[in-house]
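Computed from heavy atoms alone, side chains included, the values below leave out hydrogens, waters and symmetry copies. For this chain, numbers begin at 1 and follow the sequence in order.
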Amino acid sequence: MRHRIAVIGGGPAGLTFARVLHRHDHPVTILERDPAPDARPPGGTLDLHENLGQLALGKAGLLAEFQALSRPEGQAMRILDVDGTVLRDWQPRPDDRANPEIDRGQLRDLLLGPLDVRWGSGVTEVVPGTRDGVLVRFADGRQETFDLVVGADGAWSRVRPAVSSATPHYTGVTLVETSLDDVDTRHPDLARLIGDGSVAVYGVNRGLVAQRNSGGHVKVYAQFRAPLDWHTDLDRHMGLRRRAGLDAGLDLADAEAEAMRSSLLALFDGWAAPVLDLLRHGTAFVHRPLYVLPVSHTWAHVPGVTLLGDAAHLMPPLGVGANLAMLEGAELAESVAAAPGPGDRDEAVRAFEEQMWARAGRLAKITAAGLERLVSPDPTEALALFDEVQPS
């Protein structure tokens, strides 16, 4: 028996779910609000763990293709003091496949493969329990019913309200992302500083991380503790006005990004010049306050609706979220594909949720504690955390 299944969201979780169902010859409708795959930048790079993301790709039959695309050398990690002193320099072994990197865009294209996505299908509401199944309402006024709706639509999920009243809350930590292009040719000194993988610098309640992507592209992330409205009054919230010569507020939509660049340089004032060059040469700036869901987010099972990834358990971006979401997508797809009837399908989804909550709850606690240590009044906490997780 074939169930009418929809997954909302074309990110790693939703596409992995759909790709594994496709492998089991089970149809699935993929609904994505973006009008096309390349409608917006796909984001940075991901390290896919052997026991999480890579396991999911194996279930989808894509592990060999992933290995051909991924960058094992991207596992390299260097940590500097704010004065530029190298504190740690981890280099992967030639045969190390534990956490190779892959660009998000490459991963998306790999997962898309033969899948048919309904691009430009923004969902506004999901209503379970109707006579014909789960009702999905779209932004253009259309509506459609399904037997199972899987919400893989991220932090601000439109599916989540169908099962839970929980909403994300601000962690107190903000990221500002910028980029460097053609770094090996245009900024060779920074290319050497970053190496084949990442370089990170941690100070009091702030950090700066640069991560190499493919094709000479680098993502730089400034991270710091601040009120959510820190940009509205730099003097009161951040003590930056006198030092930076800035206006009282900061327009986060500033297309030229010079106000953001100046404020960040003031925030990291006194750090080594090569480290600050990561900000000086940034080509654009994106404001990303970090939100999370409650650590042990669960809900009363609702027949016909469930959640994956950030929609279910939004946590700090410390290398776990996308990996976990992909594995969840693969596991749910296998469970659904093996269910012969509606009752079996519902019990399979219920069992999946119980397993997901237990595992995600453990990892959410770990990542919440990790964020506290990475952006800490005591920068040695960040170094100690890396010493615990990096190979000796």
Side-chain angles (χ1 to χ4, degrees), residues 33 40-41 43-44 82 122 153-158 160-161 165-180 200-211 218-271 275-295 310-311 314-318 321 367-368 370-379 381-382:
R33 67 178 181 179
R40 57 192 170 106
V82 296
D153 50 342
W156 306 104
S157 170
R158 295 302 182 95
R160 189 190 301 125
S165 61
T167 56
H169 63 271
Y170 178 50
T171 61
V173 175
T174 283
L175 299 187
V176 177
E177 173 191 315
T178 189
S179 302
L180 304 171
V201 191
Y202 294 100
V204 175
N205 285 328
R206 64 205 64 186
L208 200 58
V209 179
Q211 192 171 38
V218 170
K219 290 288 188 183
V220 180
Y221 305 94
Q223 52 196 36
F224 49 90
R225 292 199 175 273
L228 189 56
D229 62 346
W230 67 276
H231 57 283
T232 61
D233 191 331
L234 296 172
D235 191 15
R236 179 166 64 90
H237 292 315
M238 310 295 288
L240 294 181
R241 187 179 183 185
R242 289 188 302 274
R243 294 163 60 194
L246 301 169
D247 294 333
L250 178 64
D251 181 4
L252 295 180
D254 181 2
E256 297 301 321
E258 292 310 316
M260 179 68 85
R261 190 192 317 276
S262 296
S263 66
L264 290 176
L265 288 171
L267 184 61
F268 291 89
D269 185 40
W271 289 32
V275 173
L276 294 183
D277 281 344
L278 294 168
L279 300 174
R280 290 192 181 99
H281 296 298
T283 55
F285 293 86
V286 182
H287 181 232
R288 300 192 188 281
L290 297 185
Y291 287 84
V292 294
L293 281 167
V295 165
D310 286 349
L314 179 64
M315 58 186 74
L318 300 185
T367 55
L371 183 64
E372 290 298 311
R373 296 177 70 184
L374 284 179
V375 190
S376 164
D378 181 2
E381 280 294 313

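- For Asp277, the salt bridge (charged side-chain N to carboxylate O under 4.0 Å, His left out) partners at least two apart in sequence or on another chain are Arg280.
- With a 4.5 Å cut-off on side-chain heavy atoms, Val209 and Tyr202 count as touching.
- Phe224 is listed as a side-chain neighbour of Thr174, based on a closest heavy-atom distance under 4.5 Å.
- Nearest heavy-atom pair across Pro377 and Pro379 is O-CD, 3.5 Å.
- Closest non-hydrogen pair, Met315 versus Thr367, comes out as CB-OG1, 3.5 Å.
- For the atom pair Lys219 NZ and Thr178 OG1, the distance stands at 8.5 Å (nearest 0.5 Å).
- Partners of Arg373 according to the salt bridge (charged side-chain N to carboxylate O under 4.0 Å, His left out) rule, which considers only residues two or more places apart in sequence or in another chain, are Glu381, Glu388.
- A donor-acceptor pair is defined here as one N or O able to donate and one able to accept, closer than 3.5 Å; such a pair exists between the side chain of Asp153 and the backbone of Arg158.
- Closest approach of Ala222 to Phe268, counting heavy atoms only: CB-CE1, 3.9 Å.
- Pairing each heavy atom of Gly282 with each of Leu180, the nearest pair is N-CD2, 3.8 Å.
- A donor-acceptor contact shorter than 3.5 Å is absent between the side chain of Ser262 and the backbone of Ala259.
- Residue Pro168 comes nearest to Ala155 through the heavy atom pair CG-O, 3.3 Å, listed as atom of the first residue, atom of the second, then distance.
- How far CG of Leu265 is from CH2 of Trp271: 12.0 Å, rounded to the nearest 0.5 Å.
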Contacts under 3.5 angstrom, residues 285-292 side chains, donor-acceptor by atom type, not counting sequence neighbours:
residue, atom, partner, partner atom, Å
His287, NE2, Trp230, NE1, 3.0
Arg288, NE, Glu177, OE1, 2.8
Arg288, NH2, Glu177, OE1, 3.3

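- Going from atom CZ of Arg261 over to atom OG1 of Thr283 covers 8.0 Å, rounded to the nearest 0.5 Å.
- From Thr167, atom OG1 reaches atom CZ of Arg160 across 8.0 Å, with rounding to the nearest 0.5 Å.
- Nearest heavy-atom pair, Leu234 versus Ser263, reported as atom, atom and distance to 0.1 Å: CD1-CB, 4.4 Å.
- The distance from the CD atom of Glu372 to the OG1 atom of Thr171 is 8.0 Å, given to the nearest 0.5 Å.
- Between the CG atom in Leu371 and the CD atom in Gln223 there is a gap of 8.0 Å [rounded to 0.5 Å].
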Under the side-chain contact (heavy atoms from CB on, under 4.5 Å) criterion, do Val220 and Leu208 qualify, and how do the steps go?
CA-CA 7 Å; Val220 180; Leu208 200 58; 4.1 Å; yes

